[in-house]
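All heavy atoms count here, side chains included; hydrogens, waters and symmetry mates do not. In this text, all values refer to a predicted model and were calculated from it rather than measured experimentally.
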Amino acid sequence: MERNLMIAGFGGQGVMLTGKLLAYSACRLTGKNVTFFPSYGAEQRGGTANCYVVISDEEIGDPLGDAVDELIVLNEPSRVRFLHKLKKGGLLFTNSSLVTRPGERGDLTIIEVPVTELAIRLGDPRVLNVIMLGAYVGFTEAVPAGTVHDTMIGELGKKPRMIPLNEKAFRTGLELGEKAREKR
């Protein structure tokens, strides 16, 4: 099985970190092949930034296919720019705090999570990406939640004061993703 995901948002919303955490977590699983393909450039702070993560049981031939199975959009410009890349029947995860019209297509499963609002409530808007990562993992079960948690803690080792907040953010998203999956 292959999962092809694109994550998109403003530069500075943690798009690349989210992709890296997912890719690193998937790499920790025996037998999985993973690619992480970031799109850097003039679109960093404030522009639309994106990355691709492909997780597969088989060798990965093309990490940048014309279409993706799953799309996470953290802002409205990203939805506008990348929605056409989402395959028919795909999963669309949106930051409902900033994405006002999640889907103009009736063929998608849409999971709306107000990650900006939730991050502010937790005390730091910078953890919105970790909340969305939790929601994605909780809904898709693409990678075990414990593996993602451990990877996140390992990556945050240089900033131990940020660990409790990020753990809370991840749990918040995970619970929302699990509830959305149960309703499906």
Side chain to side chain contact (heavy atoms under 4.5 Å, CB included), that's the test. Do V73 and L92 meet it? Break it down for me. CA-CA 8 Å; V73 291; L92 174 62; 4.0 Å; yes

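- Contact check for F10 versus P77: side-chain heavy atoms found under the 4.5 Å cut-off.
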Could you walk me through whether K179 and E182 satisfy the salt bridge (Lys or Arg N to Asp or Glu O under 4.0 Å) test, starting with their C-alpha distance in whole Å, then the side-chain angles of each, then the deciding distance to 0.1 Å, before giving a yes or no? CA-CA 5 Å; K179 286 179 186 172; E182 290 168 5; over 6 Å; no

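- The two residues C51 and V15 come nearest to each other via the heavy atoms SG-O, 3.7 Å.
- Between N33 and D57 there is no side-chain heavy-atom pair separated by less than 4.5 Å.
- Note: F36 and Y24 fail the aromatic proximity criterion, with ring centroids not under 6.0 Å apart.
- For the atom pair R171 CZ and L176 CG, the distance stands at 13.0 Å (nearest 0.5 Å).
- Within the model, atoms CZ of R121 and CD1 of I131 stand 9.5 Å from one another, a figure rounded to the nearest 0.5 Å.
- Checked by atom type, the side-chain pair R79/T94 shows no donor-acceptor distance below 3.5 Å.
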Applying side chain to side chain contact (heavy atoms under 4.5 Å, CB included), run through V115 and F93 and close with a yes or a no. CA-CA 11 Å; V115 294; F93 292 81; over 6 Å; no

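- Each of I55, V143, D150, V137 was evaluated against S25; a single residue qualifies, V143, per the side chain to side chain contact (heavy atoms under 4.5 Å, CB included) test.
- Residues L71 and F37 share a single hydrophobic cluster, defined by chaining ILVMFWY side chains whose heavy atoms lie under 4.5 Å apart.
- Linking ILVMFWY residues whenever their side-chain heavy atoms come closer than 4.5 Å, directly or via other members, places I163 and L122 in the same cluster.
- Between V53 and T35 there is no side-chain heavy-atom pair separated by less than 4.5 Å.
- L156 CG to R161 CZ: the interatomic distance, rounded to the nearest 0.5 Å, is 10.5 Å.
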Residue pair E2, V54: steps toward the side chain to side chain contact (heavy atoms under 4.5 Å, CB included) verdict: CA-CA 7 Å; E2 183 172 291; V54 180; 3.6 Å; yes

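- The aromatic rings of H149 and F170 lie tilted to each other, with the angle between the two planes from 30° to 60°.
- Looking only at side-chain heavy atoms (C-beta outward), E167 and I153 come within less than 4.5 Å of each other.
- Remark: side-chain polar atoms of R3 are not paired, donor with acceptor, to backbone N or O of D69 under 3.5 angstrom.
- For the pair L5/V68, no side-chain contact is recorded, criterion being any heavy-atom separation below 4.5 Å from C-beta on.
- The backbone N or O of P114 sits nowhere less than 3.5 Å from a side-chain atom of E117 that would complete a donor-acceptor pair.
- The shortest distance between side-chain heavy atoms of E76 and L98 does not fall below 4.5 Å.
- Looking at K20 and E155, no side-chain N of the basic residue comes within less than 4.0 Å of a carboxylate O on the acidic one, giving no salt bridge.
- For E70 (side chain) and N4 (main-chain N/O), no donor-acceptor pair under 3.5 Å exists by modelled atom type.
- Judged by distance alone, with hydrogens and angles left aside, the side-chain atoms of S78 form no donor-acceptor pair with the main-chain N or O of L74 at under 3.5 Å.
- Rounding to the nearest 0.5 Å gives a distance of 11.5 Å between CG of N75 and OG of S97.
- Contact of the F139 side chain with the L91 side chain is registered, since non-hydrogen atoms from C-beta on lie closer than 4.5 Å.
- V127 and M16 fall within a single hydrophobic cluster, where Ile, Leu, Val, Met, Phe, Trp and Tyr side chains are chained together by heavy-atom contacts under 4.5 Å.
- In this structure, the separation between CG on L133 and OG1 on T151 is 9.5 Å, given to the nearest 0.5 Å.
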Determine whether T116 and N95 satisfy the following criterion, side-chain hydrogen bond (donor to acceptor under 3.5 Å, both in side chains), listing intermediate values before the conclusion. CA-CA 7 Å; T116 300; N95 174 3; 2.7 Å; yes

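- When the side chains of ILVMFWY residues are joined at heavy-atom separations under 4.5 Å, either directly or via intervening members, V113 and M152 end up in a single hydrophobic cluster.
- In terms of modelled atom types and a separation under 3.5 Å, the side chain of N50 and the main chain of I7 share no donor-acceptor contact.
- More than 12 heavy-atom neighbours from other residues, nucleotides or ligands sit within 6.0 angstrom of NZ on K87.
- In this structure, CG in L165 is found 12.0 Å from NZ in K159, a value given to the nearest 0.5 Å.
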